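All values below were derived from every heavy atom in this structure, side-chain atoms included, with hydrogens, water molecules and symmetry-related copies excluded. Keep in mind the model is a prediction, meaning the values are calculated, not measured.
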Amino acid sequence: MYRIFYLGFAEGMTSLQDKITTMADAELRQIMPLGSDVSNQLDNADVLLLGPLTVDPLKQVQRAHQQNKVISIVVLIFPAQYQKTRQQIQLGFNVGKNLTLLPYEFGKDISMVVDGAARRSQQRKSFLKISARFTPPPPPVGPPITVENLALVLEHAPIGAMIVDAEKRVLSVNRVAKLYFPSVDFGARVEWSDLFPDEVLPSGKKWDQPFQDVLKVEGRYLEVNISSLGIGEHSAHQLLLLNDVTRAISIENQLRSKIEELEFLNKELDEFANVVSHDFKTPLTSISLLAQLALREKSQDKQLDFLKQILSSSRKLKEQLNGLNKLVSLKKNRAEKIEQVNFQERLNIILSEYGDLAEMEAEVVSNFSKAPGISYFTAHIDSLFNNLITNAIKYRKKDQPLKVELESRQEQEFVVITIKDNGIGIDLTKNMNKLFQPFKRLSDQGTGTGLGLSLVKRMIEQANGYIEVFSELGLGTQFKVHLKKQV
């Protein structure tokens, strides 16, 4: 019988259940997410099926491999997240070799994949049983193991090692462990909080029980393995092994960061090509046709008229090229100086450049009392205020004085700036997909390149924030800008 354990499907398992259970003697069992303790939860399983709703699939793969070295692990990933999740798991440590990663959408038949994984798992189990029959001769009996003998061996080990008795007294701490815990001395009683003050012990778990995980200690990442140790008549001793994996995690994070940056740049390159091929086509075609007409025209007055139109089209093309340069510059300069920015000060500077607000009977009201400022990029805040206020002025109602309201508030790890106007509004049902595209203008009212909102969105998302828009025709527009607090 195949025993298939699964998690991370919610209601999505319904479409799979009938297909998988058609396999001979297949038993399906839903389990809870695997904890950090080394338990026997997967001892009898042939396949662990991780669904696309699994939280932190890398951690679940690591813990499954830790519990059962021969189990087959099948990870199903939504297509949009497949590349990123696959790279994270493949670059992770302690994930084993019995791993299958698949892009998946609910309803897809994966019974053949699960069947193959279950067969391979049972083959590995059979091999282990056969190997167990050929037991090597027992090693020669040596002197009994004592704490003192073991401490001598561990003293020169390349990893940290500590022996603790049932009373949590330190019986041995080697030179490497002493580097991690300089205040721990021989004979002292230690608690979890003494060794790992920044890490919370999992609920219901005692720290002197078997345990394996990566924990942070004084800026280092340590792979911690706690196991029972029987010495002589005493079986309640604990052996703590500590392996510094800081450099491995740092390299992994750097590699992941480079991969994410390459994915970002590839996406930007595709968009760049689309902008050049589509948005530059119209003015270039216009210039080409007007030039041909001018060459055929004998009247100098009409030739002059064609040349004026060519000049107008070339100016429009120049504006688009300048806008494109801004986009390229923004993509190159992904790291700028972070400093404390006061919203009211920056708004006052931006408004000082709009000398005609009074003539338009425009009113700008601000209330930044709930979040006066943020550690951020000053140029980005200036661009945010400038572009959104400029848009409010361009798309104001001609028969009603303009009113722009700005306020801010704290919201978890974000500072949210709300900018609301009483202008002509936007039909989001028709234009939401175009709203933040570069060089797209949704109305003939006002002038410009249609680049402002695209720049604002890119700057905010580049700093791990996001922007929301709410609008109806004739009722004005409201932007909610979520700025991620920068460290």
- Message: Distance alone, cut at 3.5 Å: any donor-acceptor contact between the side chains of R63 and Q66?
- Response: no
- Message: Hydrogens and angles aside, do D56 and Q60 bring a side-chain donor and acceptor to less than 3.5 Å of each other?
- Response: no
- Any residue meeting side-chain hydrogen bond (donor to acceptor under 3.5 Å, both in side chains) with E223, in chain and number order, not counting sequence neighbours: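 Checked E223 against side-chain hydrogen bond (donor to acceptor under 3.5 Å, both in side chains); zero matches.
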- Just jot down the side-chain hydrogen bond (donor to acceptor under 3.5 Å, both in side chains) partners of D185, sequence neighbours excluded, or say none. K178
- Query: So does D213 pair up with K59, basic N to acidic O under 4.0 Å?
  - Reply: yes
- Task: For F368, enumerate each residue passing the ring pair (Phe, Tyr, Trp, His ring centres under 6.0 Å) test, keeping only those at least two apart in sequence or located in another chain.
- Result: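 For F368, the residues satisfying ring pair (Phe, Tyr, Trp, His ring centres under 6.0 Å) (neighbours in sequence not counted) are F343.
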- List for me each residue that meets ring pair (Phe, Tyr, Trp, His ring centres under 6.0 Å) alongside Y466, sequence neighbours excluded, and say none if there are none.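 Y466 satisfies ring pair (Phe, Tyr, Trp, His ring centres under 6.0 Å) with F414, H482 once adjacent residues are dropped.
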- Message: Checking R409 against E411 for the salt bridge (Lys or Arg N to Asp or Glu O under 4.0 Å) test, could you report, in this order, the C-alpha distance in whole Å, the side-chain angles of both residues, the deciding distance, and whether it holds?
- Response: CA-CA 6 Å; R409 70 176 190 277; E411 190 175 289; 2.7 Å; yes
- Item | Listed partners of D382 passing salt bridge (Lys or Arg N to Asp or Glu O under 4.0 Å), at least two apart | R346
- Query: For E218, which residues count as a salt bridge (Lys or Arg N to Asp or Glu O under 4.0 Å) partner, sequence neighbours excluded?
  - Reply: none
- Per side chain to side chain contact (heavy atoms under 4.5 Å, CB included), L483 is matched among I381, V416, N464, V341 by I381
- Message: Nearest 0.5 angstrom please: Q67 CD to D43 CG, how far?
- Response: 7.5 Å
- Query: What distance do E407 atom CD and N367 atom CG have between them, rounded to the nearest 0.5 Å?
  - Reply: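 Between atom CD of E407 and atom CG of N367 there are 6.5 Å.
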